[in-house]
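We count residues from 1, following the sequence as given.
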Amino acid sequence: MTTVTEDGGLTGLRDALGLLKDREQVAVRLLESSAKHSFDPDRELDWDAPVEDGKWFWPPELVSLYDTPMWKRMSEEQRFGLARHEAASLASLGIWFEIILMQLLVRHIYDKSVTSAHVRYALTEIADECRHSMMFARMIEKGGAPTYPVTRLNHNLARVLKTVSTTPGSFACTLLGEEILDWMQRLTFPDERVQTLVRGVTRIHVVEEARHVRYAREELRRQMVTAPRWERELTRISSGEAARVFSIAFVNPRVYTDVGLDRREALAQVKASGHRREVMQSGAKRLTDFLDDIGVLRGPGRRLWKSSGLLA
């Protein structure tokens, strides 16, 4: 049995994971958590502290070339440099995703009740993402590496996505952008080999991003139950294509030339690296298990996910 609440939310909905929670109740809990566990990075982090000698900007095991023949030939200085540039590349990618996410969230709430907790939480999340984007940009500057924008093609593909994406597709892509980076950051912030500032940035992002993931997961479950069949099919294909683009854009190839490596050889070794494949699939596993459970990884979309390398 499905019933409709005053704000248009649906209760009594069930999927393979069980009964869905009331949309307003979820939002109220997330708002309470936001009130207790939100951070101002400008005040929380010591931006004036010097860069620490002998510390990584990203855990070496998460660097794309780790354990490849090229990595074994690289000097320690090159390894540290590549980690610093890849951290800047990932932060640049994170900003790109968060700007997309903010626009998708605004579209999601455009025709919903402005007094609902669901909308209030979406606005709270948008404020979080604004702070995260500024925090990532400041971290890039502090590390002294350049920004690494995605290619013009991917930039414009995202422009199309933001324009035509339906609601379930928006939340599926949101989770793609959030959960893999979140997995990596959970390994980073407790790692004492890593720069204190980077650990602080990733700690803040992990704490606040946990709420964003909960919000997106609950809404995607709801949408996959209530959306018409054509929209569910479109979501399967669009999320698979987004996974393919994401896997290509994850590390900007310019990082290799910026630290004095041969770009073609580096890309070939990353592609052939069993360690890198395991890292990316481990980072995506919690997400792909969830998407599989709720019926997103089916048909042509599943094949796209497999071609991305994120799904074993």
Side-chain angles (χ1 to χ4, degrees), residues 33-34 36-64 66 79-102 124-125 127-148 174-216 246 249-252 255 276 278-280 282-287 310:
S33 176
S34 296
K36 294 176 183 176
H37 305 292
S38 290
F39 304 93
D40 178 354
D42 287 340
R43 296 183 179 182
E44 190 80 19
L45 303 174
D46 185 359
W47 296 99
D48 295 325
V51 171
E52 298 163 291
D53 291 336
K55 286 200 170 185
W56 298 84
F57 270 83
W58 201 239
E61 296 82 4
L62 300 182
V63 176
S64 61
Y66 181 80
R79 292 175 180 177
F80 274 91
L82 182 59
R84 182 167 60 91
H85 283 263
E86 287 201 11
S89 177
L90 286 169
S92 301
L93 183 72
I95 294 168
W96 180 61
F97 262 110
E98 287 179 341
I99 290 172
I100 294 169
L101 169 58
M102 286 186 273
T124 301
E125 181 170 332
D128 289 346
E129 300 294 18
C130 283
R131 293 194 305 274
H132 294 171
S133 296
M134 292 186 287
M135 176 175 69
F136 287 161
R138 199 168 179 183
M139 187 186 78
I140 293 170
E141 285 189 316
K142 185 69 177 181
T147 56
Y148 288 97
T174 293
L175 289 169
L176 171 66
E178 290 179 335
E179 294 213 30
I180 298 174
L181 285 171
D182 180 73
W183 179 84
M184 290 186 169
Q185 289 175 339
R186 287 177 184 272
L187 297 177
T188 301
F189 80 79
D191 191 335
E192 294 184 358
R193 300 173 300 169
V194 175
Q195 297 280 337
T196 300
L197 177 64
V198 175
R199 293 174 64 198
V201 166
T202 53
R203 178 181 62 85
I204 288 173
H205 197 249
V206 163
V207 171
E208 297 188 339
E209 208 69 16
R211 300 190 293 266
H212 304 176
V213 168
R214 170 75 186 282
Y215 183 78
F246 180 84
F250 198 77
V251 174
N252 190 311
V255 301
R276 185 60 175 177
E278 182 180 349
V279 164
M280 296 302 291
S282 296
K285 189 174 189 312
R286 183 170 177 266
L287 171 61
L310 300 176

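Looking at Ser89, its side chain never comes within 3.5 Å of a backbone N or O of His85 through a donor-acceptor pair. A distance-only check finds a donor-acceptor pair linking the side chain of Lys142 to the backbone of Ala49 [under 3.5 Å].
The pair Arg286-Asp182 does not meet the salt-bridge criterion, since no charged nitrogen lies less than 4.0 angstrom from a carboxylate oxygen. A salt bridge is absent between Arg131 and Glu44; no separation between the charged side-chain nitrogens and carboxylate oxygens falls under 4.0 Å.
Side-chain contact between Arg214 and Ser33 is absent, with no heavy-atom pair separated by less than 4.5 Å. Within the 4.5 Å cutoff, no side-chain heavy atoms of Thr124 are placed close to those of Arg211. Here the side chains of Glu209 and His132 are in contact, with some heavy-atom distance below 4.5 Å. Inter-residue side-chain proximity for Leu93 and Phe97 is flagged as met; some heavy-atom pair is nearer than 4.5 Å. In this structure the side chain of Val201 never reaches within 4.5 angstrom of the side chain of Arg138, judged on heavy atoms.
Phe136 meets the ring-ring contact (aromatic ring centres under 6.0 Å, His included) test with His205; sequence neighbours excluded.
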Original post:
Would Arg199 and Glu192 satisfy side chain to side chain contact (heavy atoms under 4.5 Å, CB included), going step by step from the backbone distance to the final call?
Top reply: CA-CA 8 Å; Arg199 293 174 64 198; Glu192 294 184 358; 3.8 Å; yes
Subject >> Step-by-step side chain to side chain contact (heavy atoms under 4.5 Å, CB included) determination, Val63 to Arg79 >> reply: CA-CA 9 Å; Val63 176; Arg79 292 175 180 177; over 6 Å; no
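Considering CZ of Phe250 and CG of Leu90, their distance stands at 5.0 Å, rounded to 0.5 Å. Taken from CZ in Phe39 to CZ in Arg203, the straight-line distance is 5.0 Å, to the nearest 0.5 Å.
For residues 45-64, every residue pair satisfying the side-chain hydrogen bond (donor to acceptor under 3.5 Å, both in side chains) rule, not counting sequence neighbours, is listed here: Glu52-Thr196, Glu61-Arg193, Ser64-Glu86, Ser64-Tyr256.
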